[in-house]
Engineer: 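Next up is a structure, given as structure tokens.
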Amino acid sequence: MSAAVRRRVLVDGRVQGVLFRESCRRKALSAGLSGWARNLDDGRVEVVVEGAVDDVDGLVAWCRTGPKHAVVTAVQVIDERPEGIDGFRTC
């Protein structure tokens, strides 16, 4: 079993109002990941995700395109220390 990792992902572009957070939640849950996704006041979406490195990296890769109607223009990924959170929610 892979060690858990945590990544904070800041997604810029047309990412609010296109079901980005809910689509991200579904992808994360289907991969057995934990964390949360929320809209930021500046128009970005912030995602914090924890789990096995390959699964986390898969979700980060998905964030680079997002759901069908999203237009992602930039993604910033920050490695953090895992906190052991459970479940995945949208804020």
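This chain uses plain numbering: 1 for the first residue, then up along the sequence. When reading the values below, keep in mind they use all heavy atoms of this one structure, side chains included, and skip hydrogens, waters and symmetry mates.
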Engineer: Flag the pair Arg7 and Asp57 as a salt bridge only when some basic side-chain nitrogen lies within less than 4.0 angstrom of an acidic carboxylate oxygen.
Structural biologist: yes
Engineer: Quick one: do Val48 and Val5 end up in the same hydrophobic cluster if we chain Ile, Leu, Val, Met, Phe, Trp and Tyr together by side-chain heavy atoms under 4.5 Å apart?
Structural biologist: no
Engineer: Is any side-chain heavy atom of Val45 less than 4.5 Å from a side-chain heavy atom of Arg21?
Structural biologist: yes
Engineer: Where do Arg44 and Val11 land on the side chain to side chain contact (heavy atoms under 4.5 Å, CB included) test, with the steps shown first?
Structural biologist: CA-CA 5 Å; Arg44 295 180 298 169; Val11 187; 5.9 Å; no
Engineer: What closest approach, in Å, do Phe88 and Ser34 show between heavy atoms, and which atom pair accounts for it?
Structural biologist: CD1-C, 3.5 Å
Engineer: Is there a side-chain contact between Glu83 and Arg6, using heavy atoms and a 4.5 Å cut-off?
Structural biologist: yes
Engineer: With distance as the sole test, does Gln16 use its side chain to make a donor-acceptor pair with the main-chain N or O of Leu40 at under 3.5 Å?
Structural biologist: yes
Engineer: Rounded to the nearest 0.5 Å, what's the gap from OG1 on Thr65 to CZ on Phe20? Could you check?
Structural biologist: 7.5 Å
Engineer: Report whether Val18 and Trp62 are members of the same hydrophobic cluster (ILVMFWY, side-chain heavy atoms less than 4.5 Å apart, transitive linking).
Structural biologist: yes
Engineer: Mind checking the CG-CZ spacing from Leu19 to Arg26? Nearest 0.5 Å is all I need.
Structural biologist: 7.5 Å
Engineer: What heavy-atom pair brings Val15 and Val71 nearest, and what distance separates the two atoms?
Structural biologist: CG1-O, 4.4 Å
Engineer: For a quick test of reading the model, state the closest non-hydrogen atom pair linking Pro82 to Ala4 and the distance between them.
Structural biologist: CG-O, 3.4 Å
Engineer: Side chain of Glu46, backbone of Asn39: donor and acceptor closer than 3.5 Å?
Structural biologist: no
Engineer: To the nearest 0.5 Å, what is the distance between CZ (Arg8) and CH2 (Trp36)?
Structural biologist: 4.5 Å
Engineer: Val49, Ile85: one ILVMFWY side-chain cluster at the under-4.5 Å cut-off?
Structural biologist: no
Engineer: To the nearest 0.5 Å, what is the distance between CG on Asp86 and CD on Glu50?
Structural biologist: 9.0 Å
Engineer: Taking the side chain as every heavy atom from C-beta outward, state whether Val75 and Leu10 have any atom pair closer than 4.5 Å.
Structural biologist: no
Engineer: Rounded to the nearest 0.5 Å, what separates atom OG1 in Thr73 from atom CG in Asp12?
Structural biologist: 4.0 Å
